[in-house]
Amino acid sequence: MPDAIRRPVARHGKQARRRGWTTLVTVVASTLAVLLVSGTSVAAIAGAQLATAPQTVELSTDDQSTAKTADITAIKGGANILLIGSDTRVGQFDSDEDVEGARNDVTMLIHISEDHQQLTAVSFPRDLMVPIPACTNPATGTTYPASTSAMFNTALGNGGVSCVVDTVENLTGLSIPYAGLITFDGVIEMSNALGGVDVCVAQPIDDTFTGLHLTQGSHSLEGSDALAFLRTRHGVGDGSDLARISSQQVFLSALLRKVTSDGTLSNPITLYKLAGAALSNMTLSDGLAQTRTLVGLASALRGMSTANMLFVQYPVADDPADSARVIVDQDTAHTLNVVLQNDVKSSLSDSTTGRASEESSGSDTASSSPSTGASAGSSGSSGSSGSSSAAAGTSGSVPSATATPTASATPLPSSITGQSASEQTCSVGN
């Protein structure tokens, strides 16, 4: 692997006015799940949905050019897609709110390997302090100068989807020709279409902010309960945004195991509901909003083992200037960046679960009683992100019986937290 990280220059782009709402990870997972079906099914569904889809979004000129000319199934070094969830309701419920100030509170980079054997989803903490390039807000025309250190979740308000893409490109050294902005409406629709997602809770979750109250054990979540589980920060781990990312990974993994193991995707009615909810509640970049691109994604992901679908958190450390913020853990981030840049097959160690998750004591979270354990994070932290030195949680992983990790995978540093979709884990209450 090369020693230097490629760092693309900052670029500008355009964005439509439609935006999303808060931490909408259900849509991310469901969208990925929909892409696991046959290309024929995706072609039929995508064609119908895209015909009535909302306006698309433009990225920077070089990203637009790549998306226009490349085959997403054959991009050298793999394909990169950025999925963004925002904290504003603009574009929903016929709202006419001002779009300026929207926040990208959930940002996930999806890397699909060139040989279609691995998917890596990287979550970026919203309170991460990073350089943000100069961007122009497409709705207001306001130009924001480049900043050497600003909160990551301000990029969307500065310059729309393209500004978030440029920020992540500069941070990781990757080219990201595809992106999607995710809305609130699809969360309830998708979880309902699945008939609920079974999640394991190792310690009770009580969060008055989201109204989520779950006892220890297994819970089938759908609708507003699923959304509350994905939004809860005060109710899990150390109450930090990093704990929320960890708990979200528990939900994502459970959802992907469900849709790939119990025939969900072979049910045409359920499939159509999932695809419809996903595509009708997303604003896609021009290159992603193409039937051929979605069909290509289906082809690339079809048959991929859940053991080779990795959810990781971008490496961070405490911000010495503000205990409620985090900064990039430069050495570890460099390792992850180079692995992604060079499309290296990777794996997580046996002790990488995050601040609000731990290994399940049973082989099936939907039917066994989960173990009781201590909070994976520091109980005293009250900051938005909190201390990055908190314990990472109980070690161990429980891969599904049919999952086989990619052979000869390069282990990522143990300080990189996350899990594969095959690992059955439990959320830890605060």
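Bear in mind that the values here come from a model prediction, so they are computed numbers and not experimental data. Just so it is clear, the values below take in all heavy atoms, side chains as well, and ignore hydrogens, waters and symmetry mates.
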Query raised in the report: Of the non-hydrogen atoms in Asp318 and Pro320, which two are nearest, and what is the gap between them?
Result: O-CD, 3.3 Å
Query raised in the report: What heavy-atom pair brings Ile81 and Leu297 nearest, and what distance separates the two atoms?
Result: CD1-CD2, 3.8 Å
Query raised in the report: Do Leu171 and Val328 have side chains that get closer than 4.5 Å, going by heavy atoms?
Result: yes
Query raised in the report: What residues form a salt bridge (charged side-chain N to carboxylate O under 4.0 Å, His left out) with Asp331, not counting sequence neighbours?
Result: none
Requested in this report: For the pair Glu222 and Val197, evaluate side chain to side chain contact (heavy atoms under 4.5 Å, CB included) and give the outcome as yes or no after the intermediate values.
Outcome: CA-CA 6 Å; Glu222 59 182 301; Val197 175; over 6 Å; no
Query raised in the report: With a 4.5 Å heavy-atom cut-off, do Leu174 and Gln341 have their side chains touching?
Result: yes
Query raised in the report: If you look at every heavy atom in Ser357 and Gly354, which pair is closest and at what distance?
Result: OG-N, 3.2 Å
Query raised in the report: Can you name the closest pair of heavy atoms from Ala356 and Ser246 and give their distance?
Result: N-OG, 3.1 Å
Query - Donor-acceptor under 3.5 Å (Asp225 side chain, Leu221 main chain) - result: no
Requested in this report: Quick one: closest heavy-atom pair of Thr293 and Tyr178, and the distance?
Outcome: CG2-CE2, 4.0 Å
Query raised in the report: Does any non-hydrogen side-chain atom of Val122 lie less than 4.5 Å from one of Leu340?
Result: yes
Query raised in the report: So how far is it from Asn137 CG to Thr142 OG1, rounded to the nearest 0.5 Å?
Result: 6.0 Å
Query raised in the report: Taking the side chain as C-beta and beyond, is there a heavy-atom pair between Thr417 and Val312 under 4.5 Å?
Result: no
Query raised in the report: Does the side chain of Cys426 reach to within under 4.5 Å of the side chain of Val201, using non-hydrogen atoms?
Result: no
Report task. Might you work through the side chain to side chain contact (heavy atoms under 4.5 Å, CB included) test for Val161 and Thr283, ending with a clear yes or no? Result -> CA-CA 10 Å; Val161 169; Thr283 299; over 6 Å; no
Query raised in the report: Side chains of Leu119 and Ile110: closer than 4.5 Å at any heavy-atom pair?
Result: yes
Query raised in the report: Please walk me through it: do Asp198 and Arg257 pass salt bridge (charged side-chain N to carboxylate O under 4.0 Å, His left out)?
Result: CA-CA 10 Å; Asp198 296 319; Arg257 287 195 303 274; over 6 Å; no
Query raised in the report: Run the side chain to side chain donor-acceptor pair (under 3.5 Å) check on Ser346 and Thr410 step by step: do they pass?
Result: CA-CA 4 Å; Ser346 59; Thr410 299; over 6 Å; no
Query raised in the report: Quick one: does Asp343's side chain get under 4.5 Å of His111's, heavy atoms only?
Result: yes
**Report entry** Min side-chain heavy-atom separation Gln64-Glu58 under 4.5 Å
**Finding:** yes
Requested in this report: Begin from the C-alpha positions of Gln419 and Ser253 and carry the test side chain to side chain donor-acceptor pair (under 3.5 Å) through to its verdict.
Outcome: CA-CA 8 Å; Gln419 68 174 87; Ser253 298; 2.9 Å; yes
Requested in this report: Using the side chain to side chain contact (heavy atoms under 4.5 Å, CB included) rule, take Met151 and Arg126 through it: C-alpha gap first, then chi angles, then the decisive distance, then the call.
Outcome: CA-CA 7 Å; Met151 279 184 61; Arg126 65 175 189 175; 5.5 Å; no
Query raised in the report: Do you know the tightest heavy-atom contact between Pro138 and Gly160?
Result: CD-N, 4.2 Å
Requested in this report: Starting at CG of Asn158, measure out to CD1 of Ile132 and round the result to the nearest 0.5 Å.
Outcome: 5.5 Å
**Report entry** CZ-CG distance between Arg233 and Leu242, expressed to the nearest 0.5 angstrom
**Finding:** 10.5 Å
Query - Polar contact flag, side-chain donor to acceptor under 3.5 angstrom, Ser305-Asn308 - result: no
Report summary line: Output for pair (Leu256 CG, Ser420 OG), nearest 0.5 Å, gives 10.5 Å
Query raised in the report: Are the side chain of Gln117 and the backbone of Ser113 linked by a donor-acceptor contact shorter than 3.5 Å?
Result: no
Query raised in the report: Please walk me through it: do Ser123 and Tyr314 pass side chain to side chain contact (heavy atoms under 4.5 Å, CB included)?
Result: CA-CA 6 Å; Ser123 294; Tyr314 198 71; over 6 Å; no
Query raised in the report: Between the side chains of Ser427 and Ser247, does any donor sit under 3.5 Å from an acceptor?
Result: yes
